[in-house]
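Here's the structure we're looking at; comments come further down.
Note: hydrogens, waters and symmetry copies are ignored here, and every other heavy atom, side chains too, is used. First the proteins, then the strands, lettered A, B, ... as listed; each starts at 1.
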Protein chains: 2
Amino acid sequence: MRKLKTSRQPEILGAALAIADERGLDALSMRAVAERVGVTPMALYGYFRNKDELLDGLVGRLLTKLSPDDGGGDWEERLRAIAWATRRLAREHPSVFPLLLFRPSVTPDGVKVVDRLYQALIEAGVPDADVPRIERMLSTFVIGFAISEANGRFAAGSNETRTRRGAEAPAHQRLAGHLAASDWDAEFAADLADLMRIIRPV
Amino acid sequence: MRKLKTSRQPEILGAALAIADERGLDALSMRAVAERVGVTPMALYGYFRNKDELLDGLVGRLLTKLSPDDGGGDWEERLRAIAWATRRLAREHPSVFPLLLFRPSVTPDGVKVVDRLYQALIEAGVPDADVPRIERMLSTFVIGFAISEANGRFAAGSNETRTRRGAEAPAHQRLAGHLAASDWDAEFAADLADLMRIIRPV
DNA sequence: ACCTGAACACCGTTCAAGT
DNA sequence: ACCTGAACACCGTTCAAGT
């Protein structure tokens, strides 16, 4: 297992992130990254053992951007702040963001964010034994929401399409007036409010 | 826009699903599917316009398996039944399942599942205006949980790794005793119980 | 109506070599 | 210490042709 160079890792990750942001995850090839860095594809293998490790590095990079200011306020405000920052991150990097759901966040920055969430939950009065579970529940929801929104699962149009079918979808019929494309800012806020009500008297 | 043949679509999707289940999503190439069906790669393009449409077909196939029995019981039992069935689906098809989070479920079977969820929520007393939002919240959480569990975000080991760091992660220190790998069946059940409490007095 | 063959412009990665 | 060149075994997809 060769030892990796680190000198140009940040530069390489920056190039990779830029390509993914500009042209999508499919365009993110080792060859494209190499070209952008101004080097032969093979040179990258001195810094990352393979493409998968480069993607892990990209996840680490995203997590860095998630834990900036220590943030004052009570536990609820701090929880909310992290949730909104996460969603913002998904809008800035829609192609790379989904990787967060597939790789455990074991980087120092990832741990830092999780630790902040733990602290807030403890402060909220959640029993120690329940804190990790509630953290996973919250992060799963927030990441899932952000992916769904940014990648079209909540897409406009899907609801209208559904409404057409009558007999097979009676509830859709009844709810027809409420199936229009939603205001996702408001929906996210409402979901968070509901989740906060779980946390308080857990 | 050429009209597509439908005759062998199910056969092709079956082959594709088998490859993904056996060898992972990376191994799911048009060429591999063609070989399994016993045909030239190009023959597939008579049935699906491109690989992306084949993947959409695969999502549709998964959704079929999600709405079998009409299921008796009160709204809570029916909601729970769909949630557990979804999670079971993720364990059976871990490679393909994540696609559910990236593509709107506009197939007839997808609409059928959503309609069941709508009916249950209406019966639970959720105001019509909130039903679609609550459905999105639930499905986002359930799909997100199932992906996280099946794809290693909740991976064993990640928590132990975290605990090592001291000063930078005080809450991890305090929770050390509760960070061991969890019983995901129990955790999923507890999460669902919490979410049900949101639904009742929405 | 359904399928094939050859070709194009790509991939990730290994190995041996170069400064 | 860092990088390159050539090669291998793959990709998705188009186009023209074959039965």
Using a cut-off of less than 4.0 Å, is there contact between a side-chain N or O of [X] and OP1 or OP2 of [N]?
X: A/Lys5; N: D/dC2; answer: no
X: A/Arg49; N: C/dT13; answer: no
X: A/Ser7; N: D/dA1; answer: no
X: A/Arg31; N: C/dA9; answer: no
X: B/Ser29; N: D/dC11; answer: yes

Roughly, in whole Å, what's the span from [atom1] in [X] to [atom2] in [N]?
X: A/Tyr45; N: D/dG5; atom1: OH; atom2: P; result: 17 Å
X: B/Leu44; N: C/dC3; atom1: CG; atom2: C1'; result: 11 Å
X: B/Ile19; N: D/dC11; atom1: CD1; atom2: P; result: 10 Å
X: A/Glu11; N: D/dC2; atom1: CD; atom2: P; result: 13 Å
X: B/Met42; N: D/dC15; atom1: CE; atom2: C1'; result: 9 Å
X: A/Lys51; N: D/dC11; atom1: NZ; atom2: P; result: 14 Å
X: B/Asp52; N: D/dT13; atom1: CG; atom2: P; result: 8 Å
X: A/Leu54; N: C/dC11; atom1: CG; atom2: P; result: 14 Å

Gap separating the CD1 atom of A/Ile199 from the CH2 atom of A/Trp75, nearest 0.5 angstrom: 5.5 Å
Gap separating the CG atom of B/Leu195 from the CG atom of A/Asp194, nearest 0.5 angstrom: 9.5 Å
C1'-based separation of C/dC11 from D/dA7 [nearest Å]: 14 Å
Nucleotide paired to C/dC11 in any strand shown, Watson-Crick or G-U, under 3.5 Å: none
C/dC3 - base-pair partner by Watson-Crick or wobble geometry, distances under 3.5 Å: none
Minimal non-hydrogen separation, B/Trp184 against A/Arg136, with atom names: CZ3-NE, 3.4 Å
Minimum heavy-atom distance between B/Ala120 and B/Arg78, given as atom pair plus value: CA-NH2, 3.8 Å
Sugar-phosphate, base or nothing in reach of A/Phe48, heavy atoms under 4.0 Å: nothing
Touch class at under 4.0 angstrom, heavy-atom based, for B/Met30 against every strand present: sugar-phosphate
Pair B/Arg23, B/Ser95: side-chain N/O donor-acceptor within cut-off below 3.5 Å: no
Starting the side chain at C-beta, find the nucleotide from [options] nearest to [X].
X: A/Val39; options: C/dG12, C/dT4, D/dT4; value: D/dT4
X: B/Asn50; options: D/dC3, D/dT13, C/dC15; value: D/dT13
X: B/Tyr47; options: C/dC2, D/dT13, C/dG12; value: C/dC2

Six-ring centre of B/Phe188, B/Arg87 cation under 6.0 angstrom, axis tolerance 45°: yes
